[in-house]
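Just below is one structure, and these are the notes that go with it.
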There are 4 protein chains.
Amino acid sequence: MSVPAAQKKGIRAAQKEARPKEIVESALAIFARDGFAGTRLEDVAERVGISKGTIYLYFDNKEELFKACVRETVGAHIQQTMQMAATFEGSTSDLLREIFRRVSATLSKPGYRTILILLISEGQRFPELVSFYHSEMIGPGIEGLRAVIKRGVASGEFRDTGLSDFPMMLMSPVIASVIWTHLFSKVGDFDFNAALQTHLDTMMDGLKA
Amino acid sequence: MSVPAAQKKGIRAAQKEARPKEIVESALAIFARDGFAGTRLEDVAERVGISKGTIYLYFDNKEELFKACVRETVGAHIQQTMQMAATFEGSTSDLLREIFRRVSATLSKPGYRTILILLISEGQRFPELVSFYHSEMIGPGIEGLRAVIKRGVASGEFRDTGLSDFPMMLMSPVIASVIWTHLFSKVGDFDFNAALQTHLDTMMDGLKA
Amino acid sequence: MSVPAAQKKGIRAAQKEARPKEIVESALAIFARDGFAGTRLEDVAERVGISKGTIYLYFDNKEELFKACVRETVGAHIQQTMQMAATFEGSTSDLLREIFRRVSATLSKPGYRTILILLISEGQRFPELVSFYHSEMIGPGIEGLRAVIKRGVASGEFRDTGLSDFPMMLMSPVIASVIWTHLFSKVGDFDFNAALQTHLDTMMDGLKA
Amino acid sequence: MSVPAAQKKGIRAAQKEARPKEIVESALAIFARDGFAGTRLEDVAERVGISKGTIYLYFDNKEELFKACVRETVGAHIQQTMQMAATFEGSTSDLLREIFRRVSATLSKPGYRTILILLISEGQRFPELVSFYHSEMIGPGIEGLRAVIKRGVASGEFRDTGLSDFPMMLMSPVIASVIWTHLFSKVGDFDFNAALQTHLDTMMDGLKA
DNA sequence: CATGAATGAGCGTTCATTCAT
DNA sequence: AATGAATGAACGCTCATTCAT
């Protein structure tokens, strides 16, 4: 802060700023593999190439580290998608497909899949995290979806099914695919995208007027 | 020895026979709350009103207890449903609705919901369990669903969508509902059955010829 | 005691009388294999074909069972040998050889070897047992040996070495052989009797006048 | 890093280097008192003034700690003695006496006596340890002794008794003395050195031509 | 007399957390 | 800022011992 120049910010400082993100990334991988209780901070540290003690310079304890993993990984995606939806000019069918494309593109990345799985696995132990997630991410997302359905009904594209009361169900094929992949990708092969696309087509047909 | 066997089965024997089930039920609850690694066998024992050591009279170790929880809870349900499907006489739409009704009735019970959540949470740490599950439960279930879809297409009720390649996706709304309930039932209310029914209606419409 | 006839003493009674011995024999084997702390009473019971609880009908606890093993296994041997020595008529060399023959014959039996090893292994935890052993078995034995040496010196067969002050050392080759066999019988072969005999010859030569 | 290394080695580093030896010494004492299975690592730790967990920073588990006790305590002694024997210039009698002097000096120290007792007590449970011992320590020792006997026979000092086939028996008085001391030192007094010396004299006389 | 289900204290081992360096 | 040695609480598992049957 009181340091004269930006150049002065040397390697050390750069390292220091990068640390939390490095740790979170490492932790995410280990949490995903071993679960919360099963994760050893030593493994997390080793993956970053630092010592166990160093983690405690950046995070109060294991629980806070876990929360940071969840919080800092999802972020902007939902907002971006909602903005896109608000200004979309084509048909509502195309809008819905675009939304599915984005959401599934995000959730098909291992990192994000991990978050979902972790939330399911450990949610009960971290109620604040769940309600944070619900209010900050899921809630707005649901409202966005509801708006899209209403847009389709208003334009005469969709029938007025009760689905606008449960917009989150639109995402069920995405969620099911993620879980299927997570559980059985080693047991048998499963074409995530083809399965999803097929199901979406059926669902869209069901929505159409 | 020379005593009539039926009367002889005293309190002790009755207790002994009941123990495994009691322990599994208790374990199911605690595993669901705390995850596999987070579960303390002492908690499991206390819930049954026995001592820690007693668990080891019936299960070799924590892992075997966990497996028993999964194995002994699901079992017959899938087979029953498949038999029903094989002999069903009404329309395929009605058959599909009946299948959904059964599956969701089962999965809406806390005990069975727990199994699904546990499988998602701990699957990665128990590959044998997952593949056991996949081959014994899920695989047959998928084949059953595929047969139903084909029945509908053959009878002219359903269009020939690609969904017969991914029959498991038919279950996605059930799965999503279970997860939604698990995660957010404390945060906000969610009418499991209404949500499911609404989504199913939409999906069925999508399937119809 | 107040029972009319000897025949009346049925199978049950015979069993009951035999039990302690059976248990001790089994325990001896397990103690020898696993040491005191390492021995599980369940293993002892299983070897006899009874249940764990039954042991407690005959022995107060594990420690008492161990003591019984040591106490009841040695018995008459020393006394017999001393009586033989007192009435022996040949040369003292021959007497000494006969003593060695008897002692080593006894200690080469696995059961008796076991006692010696157990005493060495666990003696420190059972001081009473050690002093019982010392006063009842070892002490008289030493006095017997001292008498033999003095007999040899008196008759002019042996020189008057200081060995009469440490008669127990005469037994050292026997003890060393037992231990050697115990430790290394699996590693390499070792002719217990030949080794012993050879050493004794040397020692006897050393004693001769 | 840029600090002169020798001075840098602070208290911590010094402690860390000393730890394994401290722990082994403590463990040796407790193992000797309680046997392998009977030893509580907490007791070992307490004796050093550290916590139970610290032991695991230096040894993988109880068994490895036990092995370390055996390995790190004997080591160089045999080699030193053998080198001495190879270059000894006096009579073979004197050489043999010198060997006895060294071996018994070593084994009369409580620490080394402990090792022998432990080996006898726990050998059956640690076959690798026993065979390690046999090949690395005992085997060479025996060959050394055999060479000495042959040297004596060659020089005409000793008769050609069969003892060169069982050289280990030469050590039997030492072994017997150690065991006697271990078992009965509390029961009665026993002059280890006098007993040994007397017996050796007898034995040497037996060897002489 | 015998059983064996049940107990509960105890120990080996792990690991989140601390703190002197 | 970073380390890593040390801690100590916690937990899985074992087994001597008890006691209802």
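Just so it is clear: chains get the letters A, B, ... in the order the sequence lines come, proteins before strands, and each one is counted from 1.
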Short side-chain N/O contact to E:dA6 OP1/OP2 from B:Tyr58, under 4.0 Å: yes

C:Arg19 vs E:dC1: side-chain N/O to OP1/OP2 distance below 4.0 Å: no

C:His182 and D:Gln124, any side-chain heavy atoms less than 4.5 Å apart: yes

Residues which pass ring pair (Phe, Tyr, Trp, His ring centres under 6.0 Å) with D:Phe126, listed by chain and number, not counting sequence neighbours: D:Phe36, D:Phe66

Separation of F:dT7 P from D:Glu46 CD (nearest whole Å): 12 Å

C:Asn61 side chain near C:Glu64 side chain, heavy-atom distance below 4.5 Å: yes

Residue pair D:Phe132 / D:Arg71, side-chain heavy-atom distance below 4.5 Å: yes

Stems formed with participation of DNA chain E [Watson-Crick or G-U wobble, under 3.5 Å, three or more pairs]: E:2-21 with F:2-21

Close side-chain approach of C:Arg113 to C:Leu116, heavy-atom, < 4.5 Å: no

Sequence-aligned protein contact record of nucleotides 10-17 of chain F, with B where the base is within under 4.0 Å of a protein heavy atom and S where only the sugar-phosphate is: BSBBBSBB

Length of the CD1-P vector between D:Ile55 and F:dG8, whole Å: 14 Å

Heavy-atom side-chain contact between C:Ile30 and C:Arg33 under 4.5 Å: yes

Side-chain heavy atoms of B:Tyr58 within contact of B:Ile50, under 4.5 Å: no

Sugar-phosphate, base or nothing in reach of D:Phe59, heavy atoms under 4.0 Å: nothing

Length of the line joining D:Leu57:CG and F:dT3:P, which is rounded to integer Å: 17 Å

Side chains of C:Val48 and C:Thr54 in contact at under 4.5 Å (non-hydrogen atoms): no

